[in-house]
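The structure under discussion appears below in the form of structure tokens.
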Amino acid sequence: MEELNSLLHGFSVVLTPYNLVLMFVGVFLGIVVGVLPGLGGANGVAILLPLTFAMSPTSAIVMLSCIYWGALFGGAITSILFNIPGEPWSVATTFDGYPMAQQGHAGEALTASFTASFFGALCAVIMITFIAPALADFALSFGPPEFFSVYFLTFCSFIGMGREKPAKIIVSMMIGFALAAVGIDIVTGQLRLTFGFTELLRGFSFLIAVIGLFGIGEILLSMEEGLSFSGKTARMNLKVVLETWRRLPRFWGTALRSMVIGCWLGVTPGGATPASFMAYGVAKRTSRDGEKFGTGQLEGVVAPEVANNAAGTSALLPMIALGIPGSPTAAVLLGGLMIWGLQPGPLLFKEQPDFVWGLIASMYLGNIATLILCLTCVPFFAAILRVPFSIIAPVIVVICAVGAYTVSNAQSDIWYMLVFGVVGYVFRKLDYPLAPLVLALVLGDMAESAFRQSMLMAHGDLRIFFSNWLVGSITGLALLALFWPLIAKGFAVLRARSSAAEA
Amino acid sequence: MAEHTTSRSGISTRAAEIAVTLLTLALGALVAYASYRLGSTWGEYGPGAGYFPFYIGSIICIASIVNLIQAATAPPGKRIFVEWGALKRVFAVLVPAALFIAGIYLIGIYVSALLYIAIFMIWIGKYPWHKGLAVGFGVSFALFLMFEVWFLVLLPKGAYNVLSFIGY
């Protein structure tokens, strides 16, 4: 039980008054950005990242990861009260959450959703506690080819698992890689893709891209829809909470199934959104009240919320153990690691045990803090959304601009942010996914250097990615993920044929 | 395309799709060409600087062509990318935001933000001018306290620093 000792050590690192205050501040800010249009987990963390440069890495990650928890929980508030999913993974929560709010049961829906979120996140954190150290240990034997094959797996599963057209996912991802290549080449020192503009020497920061694509893009989208929020009010008091809690244990089967789906899909990139839909679908099929789903069933709120928080949390597993983020927000946190001077990857467990175990301990505490804040402050957070959009929009643009500037004190970054905003708006409207672009931008340099080192080792022979069982099976898995839609289609055709032959 | 008579008119999704694929195609070609010029082959010390980006650019081109074919051969449905009225609202956010950013160079971020929020609220939100100014001032002042005073992160003051009279 070495993990438990390390975890206790982690708690001792985190449990200082300063860190606890940061934790509540982080959760509070996280729920606020989760509720506000135009701000979400990824760009909320990106905007606040520069403010943490002066903190110790542990305090910084405690605050930033708490922003993430807050945003994960907070998405449910807008879904249930306003029928506006704050994040893509809260879409499934609106199916039963909003009808419940319409019938005057918003308090019950919110309590169920927060409790379910907490359960999902907690299970995922427990999984991280025990699996991450083992995975990191295992990954210590990785060389450049293995690392490249893991990157390759990450990107292939995006293409294979994404809802969007594969060619669009590829374009979006490759634009991320191309942007990552701009600037000085680390190996040869040559300038790449700067076209003589000295401004481009610095390259593109993924933080600017995140703030623009998600923040400004979202504002443009909301403005286009001409949103006027009309929300339901929630009565939240101890009686409602306790009564809902009494009803919740009945759904233990649904919760467990959703948790497994969430943990499983969360480890693969972009998993939270499919996880929430899949959990909702499975719950609908297995529940006794399945046909009533969509009319305001408590169980229909529990299923997607357990799954998306389990997925959102377990997205941090590959980030901690391998240095490979599973979601845009995890990518921003990973970028933060590099800025604070830590080298992400499997060595982190050995070299920075205080940091890693502090982070894992803060996941437990942060989720408890989030649950408390969510249950007690819903009316306040809902009131934020009632602020008219013509006030919210310029204020968020200003906040984004400040965030973009402080990344590297460059005014040109604010222009890039605006351009990324327009790109984000157009891409979102045409179903180009944004997450692969951001992940490729973060991982581009690392993936490239792993690729080049592998090529050097093998003198340009691509067969190095199949040279031993380990790298070969990861690459094979990646190819399987890449061609999964085709393979699944093939199976479906075969099954249709065989059933036709039987009949 | 410019049928202003019907209520649902705007830029068609198909036109927007094709325009975006052409843009990404151009971008891919640019990346591939620049990487080729840089040395996309095996150099003296292994793969050259353009080795990796060259493939990236090429893949963007191939995927863009696939997208282009899919967009061009799709049945010309009536789906609309953005209606004119909605587009106007989008520009109503975009143009002031650009002016705000340009304003940062001249009068600094605090004053520019104040004016931007105030004018946006008065012009788009139809608020009385004193409310707009109050919110703008409040947000700017909060930012000022947070960055200049507490976190000691200096934000741009612009070429004509209006705040110099208070010593910042």
Side-chain angles (χ1 to χ4, degrees), chain A residues 50-51 54 165-171 174-175 177-178 181 185 187-193 195 216 219-221 223-226 388-391 393-395 397-399 401-402 405-406 409 411 414-415 417-418 421-422 425-427 429-430 432 444 447-448 451-453 455-456 459-460, chain B residues 13 16-17 20-21 24 27-28 31 34-35 38-39 42-43 45-53 56-57 59-60 63-64 66-67 70 81-82 86-87 89-90 92-94 96-98 100-101 104-105 109 113 116-117 120-121 124-127 135-136 139-140 143 147 151 153-156:
Chain A
L51 291 182
K165 287 189 181 136
K168 287 189 170 176
I169 304 178
I170 294 174
V171 166
M174 292 301 149
I175 289 176
F177 275 118
D185 174 33
V187 180
T188 60
Q190 280 176 289
L191 295 182
R192 292 200 298 193
L193 306 175
F195 305 103
I216 304 295
I219 289 288
L220 294 178
L221 266 184
M223 195 63 191
E224 183 208 308
E225 287 157 10
F389 196 66
S390 49
I391 301 178
V395 172
V397 171
V398 168
I399 292 173
V402 171
Y405 174 80
T406 48
N409 291 333
Q411 294 193 30
I414 309 177
W415 286 114
M417 172 198 79
L418 196 67
V422 176
Y425 166 73
V426 174
F427 271 27
K429 292 219 70 177
L430 292 178
Y432 283 83
E448 182 184 352
F451 183 68
R452 277 160 91 170
Q453 283 167 7
M455 287 296 97
L456 270 177
H459 304 288
Chain B
T13 301
E17 289 266 16
V20 169
T21 53
T24 57
L27 181 76
V31 170
S35 311
L38 205 59
W42 205 257
Y45 303 104
Y51 185 71
F52 193 70
I56 298 295
I59 297 173
I60 295 180
S64 302
V66 173
N67 281 331
Q70 281 180 343
F81 174 68
V82 59
L87 190 65
R89 284 199 295 275
V90 170
V93 180
L94 208 53
F100 156 63
I101 298 172
I104 296 174
Y105 286 84
I109 203 161
Y116 167 56
I117 294 171
F120 193 93
M121 280 178 64
I124 310 269
K126 309 276 182 267
Y127 282 91
V135 174
V139 172
S140 275
L143 280 178
F147 284 89
F151 284 94
V153 177
L154 301 182
L155 296 184

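Values in this document were obtained by computation on a predicted structure and should not be read as measured data. Note on naming: letters A, B, ... go to the chains in the order of the sequence lines (proteins, then strands), and numbering restarts at 1 for each one.
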Residues in salt bridge (charged side-chain N to carboxylate O under 4.0 Å, His left out) contact with A:Lys165, at least two apart in sequence or another chain: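 For A:Lys165, no residue satisfies salt bridge (charged side-chain N to carboxylate O under 4.0 Å, His left out) once neighbours in sequence are set aside.
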Is chain A contacted by the side chain of [X], its backbone, both, or neither, given a heavy-atom distance below 4.5 Å?
X: B:Leu38; result: both
X: B:Tyr105; result: both
X: B:Ile104; result: both
X: B:Val31; result: both
X: B:Phe81; result: both
X: B:Val135; result: side chain
X: B:Thr24; result: side chain

Relative to chain B, which of [options] shows the most heavy atom pairs under 4.5 Å?
options: A:Ile169, A:Ile399, A:Ile414, A:Ile170; value: A:Ile414
options: A:Glu448, A:Met417, A:Lys168; value: A:Glu448
options: A:Gln411, A:Arg452, A:Lys429; value: A:Gln411

Contact between A:Pro394 and B:Phe100 at the side-chain level, heavy atoms closer than 4.5 Å - yes or no?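 No - every pair of side-chain heavy atoms lies 4.5 Å or more apart.
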Mind checking whether A:Val397 and B:Tyr116 have side chains closer than 4.5 Å, heavy atoms only?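 Sidechains of B:Tyr116 and A:Val397: in contact.
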Which value, rounded to the nearest 0.5 Å, describes the distance between A:Asn409 atom CG and B:Leu155 atom CG?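 Result: 8.0 Å between the selected atoms.
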Which portion of [X] sits near chain B, non-hydrogen atoms under 4.5 angstrom:
X: A:Ala178; answer: both
X: A:Ile391; answer: both
X: A:Leu191; answer: backbone

Using a cut-off of under 4.5 Å on heavy-atom pairs, state which of [options] scores highest against chain A.
options: B:Ile59, B:Leu27, B:Ile109; answer: B:Ile59
options: B:Val82, B:Ile117, B:Asn67; answer: B:Asn67
options: B:Ala98, B:Ala113, B:Pro96, B:Gly57; answer: B:Ala98
options: B:Thr13, B:Val66, B:Ile60; answer: B:Ile60

Give the intermediate values and the outcome of side chain to side chain contact (heavy atoms under 4.5 Å, CB included) for residues A:Tyr425 and B:Leu94. CA-CA 11 Å; A:Tyr425 166 73; B:Leu94 208 53; over 6 Å; no
Grab the two heavy atoms, one from [X] and one from [Y], that are nearest each other, plus how far apart they are.
X: B:Gly125; Y: A:Ser390; result: CA-OG, 3.4 Å
X: B:Tyr127; Y: A:Pro388; result: OH-CG, 2.9 Å
X: A:Met223; Y: B:Arg89; result: O-NE, 3.1 Å

Derivation of the side chain to side chain contact (heavy atoms under 4.5 Å, CB included) call for A:Tyr432 and B:Val20: CA-CA 10 Å; A:Tyr432 283 83; B:Val20 169; 3.8 Å; yes
Using 30° and 60° as the class limits, which term best fits the ring planes of A:Phe451 and B:Phe52: parallel, tilted or perpendicular?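 Rings of A:Phe451 and B:Phe52: tilted, as their planes differ by 30° to 60°.
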